[in-house]
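For reference, the structure is listed below as structure tokens.
In this text the structure is predicted, and so the values were computed from the model without any measurement. The figures that follow rest on heavy atoms only: side chains count, while hydrogens, waters and symmetry mates do not. To find a chain, count down the sequence lines: A is the first, B the second, and so on, and within it residues start at 1.
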Protein chains: 2
Amino acid sequence: MTESELAAFLNSSNHYLPQISIDCVVFGFHDNQLKILLLKMKGLDVWSLPGGYIPQDEDVETAAMGILEERTGLKEIYLEQFGIFGKKERYTKPFMESFFKKNNIQVPENHWTLQRFVSIGYYALVDFSKVNPTLVNFTEDFDWYEINKLPNLAFDHDEIIPKALQTLQLMLDHKLVGFNLLGEVFTMIELQSLYETILGTKLRRNNFQRKMLSLGILERVEKLYTGAANKAPYLYKFNDKVKNTEH
Amino acid sequence: MTESELAAFLNSSNHYLPQISIDCVVFGFHDNQLKILLLKMKGLDVWSLPGGYIPQDEDVETAAMGILEERTGLKEIYLEQFGIFGKKERYTKPFMESFFKKNNIQVPENHWTLQRFVSIGYYALVDFSKVNPTLVNFTEDFDWYEINKLPNLAFDHDEIIPKALQTLQLMLDHKLVGFNLLGEVFTMIELQSLYETILGTKLRRNNFQRKMLSLGILERVEKLYTGAANKAPYLYKFNDKVKNTEH
DNA sequence: ATAATATTGTCTCATAATGAGATAATAATA
DNA sequence: TATTATTATCTCATTATGAGACAATATTAT
């Protein structure tokens, strides 16, 4: 971020809806684990959710989509609003102040970024392997964290993440969660691991497979030969019937 | 609303979070039907959801609760956030303009109430028989409407209500919806009707009763003698185990 | 080649849940 | 006392689920 970009941002108050922000919990699936994309705030040992503000001339959902597209490099991301975080005190001010101080950025006491913000929570489901995070604005690093090994979090993001997970768990049977988190093809064990990591429970291989196949949404493709000394598993994909549905 | 109250409201812009509003879908159960509380906008043949703004010094949820307590006369209302309505164009301006015009209220073109608003949707579950609606601000009437016999609605409230219903349907098996919508005691048929009107489907009496009793959340109280020429049904209440849980 | 090993894909069977009809109990009224 | 309209259960076929067992197969070791 250049000097002039910074100045423009600090003066962009009129461009955005005041006192409203968006926070996104980006879920990905890697190494059989559900993970969340976090950004490190420049100069602080603190991580935060990808987020941003809503331009006056954009729909809220468009703004959320824009924030995510910019940060993940993906298009047409699956998004779901799961909560709003509207307590009077959400620790935005102290975090922003220490951030500005650490980075030698001078802002007036009443600067718009130090005001109270109501945050709209969205969660996104992305194909981990296709994500190519970009560092924007005030972030100096990104990383994927396992849901139960989270680092030091900014603001009230430690309240936001559990609520997002809870909503995802609730939606697991209603929406086609796997469709958005997995790649084009996947093994039954991968699908099972996804369910297990989201629900936080172990499932039985035989019964899980029976159940999934009975839903009639999977199509068996070729086998996956990994070189392992055992029977090769089939690969599956979601069938066409599913692809034309809302997920 | 007196002249001075009106003037105070029109000038209260600084008191509220700008460009954010709350809309509440209040569900009640009466005559075996799921109903929604709507308010008639003074001077217009248009009904709207109970709503309001968020004071700078209140949590969002507190504000939502306050709005509902004021309008329904109830305390400790069950509330759940179900969506946000953040399109650029939500028809707030034209509705507010025609409302002001009809009521001979002069406001400048750039008045805060005519700006774009992002609305936070909450739904409430209330005991119909305990509600005692109060007419506040710009409303001249209130009424309960069946979910599929709604009148002419203001703003984008015709988008908000279906989304609220959809969320309620989804929550029916997860949260104890009946606990908040029914009175202290109720018959099995009433509970069944509640499920039917929420889901929009017919259920079988015998199997519904078997299912509900197997959940172990109901306690059979006395019988209800209505004078009808048939076997009197039992009354039930939710048992103590349930009352100490979150609903 | 053949055996051993680690998985994967199915099968089986007991148990639980559900769908759908049938029957018994009961609170009035005729 | 019979009739009627419900309510509360019961029954039984069907389907879904939990849990263990076993056959198939892709490699490595012998």
### Task
Give a yes or no on whether the backbone of I189(A) and the side-chain of S193(A) come within a donor-acceptor separation of less than 3.5 Å.
yes
### Task
Measure up the Y123(B) and Y78(B) rings against each other and bin them: parallel (under 30°), tilted (30 to 60°), perpendicular (over 60°).
tilted
### Task
For dT8(C), take OP1 and OP2 only and decide whether either is under 4.0 Å from a side-chain N or O of Q209(A).
no
### Query
Could you state the CZ-C1' distance from R205(B) to dT23(C), rounded to the nearest angstrom?
12 Å
### Query
Got a sec, which pairs hit side chain to side chain donor-acceptor pair (under 3.5 Å) with one end in residues 198-207 of chain B, sequence neighbours left out?
N207(B)-R210(B)
### Query
Which comes earlier along DNA chain C counting from the 5' end, the contact point of N206(B) or that of L213(A), where each point is its nearest nucleotide?
L213(A)
### Query
Does the pair K87(A)/E159(A) count as a salt bridge with the N-to-O cut at 4.0 Å?
yes
### Task
List for me each residue that meets ring-ring contact (aromatic ring centres under 6.0 Å, His included) alongside Y145(A), sequence neighbours excluded, and say none if there are none.
W47(A)
### Query
Taking the side chain from T72(A) and the backbone from L74(A), do they hold a donor-acceptor pair closer than 3.5 Å?
yes
### Query
chain B on DNA chain D: first and last contacting nucleotide, 5' to 3', under 4.0 Å to a heavy atom?
dT4(D) to dT11(D)
### Task
Measure up the F238(A) and F179(A) rings against each other and bin them: parallel (under 30°), tilted (30 to 60°), perpendicular (over 60°).
perpendicular
### Query
Looking at CG of N152(B) and CG of L44(B), how far apart are the two atoms once the value is rounded to the nearest 0.5 Å?
9.5 Å
### Message
Expected output is a numbered-order residue list: members of residues 187-201 of chain B with a heavy atom under 4.0 Å from any atom of DNA chain D. What is it?
### Response
I189(B)
Taking N or O atoms only and anything under 3.5 Å, show me the protein contacts with nucleotides 27-30 of chain C, one pair per line.
| unit_1 | atom_1 | unit_2 | atom_2 | d |
| --- | --- | --- | --- | --- |
| dA27(C) | OP1 | K223(B) | NZ | 3.0 |
| dA27(C) | O4' | N230(B) | O | 2.6 |
| dA27(C) | N3 | A229(B) | O | 3.3 |
| dA27(C) | N3 | N230(B) | N | 3.1 |

Pick out the pairs of N or O atoms, protein on one side and nucleotides 12-18 of chain C on the other, that lie under 3.5 Å.
| unit_1 | atom_1 | unit_2 | atom_2 | d |
| --- | --- | --- | --- | --- |
| dT18(C) | OP2 | K211(B) | NZ | 3.2 |

### Query
In terms of ring plane angle, is the pair W144(B) and F128(B) parallel, tilted or perpendicular, where the classes change at 30° and 60°?
tilted
### Message
Would the distance check show the side chain of D31(B) and the main-chain N or O of Q33(B) forming a donor-acceptor pair, the cut-off being under 3.5 Å?
### Response
no
### Query
Is there a donor-acceptor pair closer than 3.5 Å between any side-chain N or O of D59(B) and the backbone N or O of K88(A)?
yes
### Query
Quick one: CZ on F117(A) to CG on D156(A), what's the gap to the nearest 0.5 Å?
13.0 Å
### Query
Can you tell me if R71(A) uses its side chain to pair, donor with acceptor, with the backbone of G51(A) under 3.5 Å?
yes
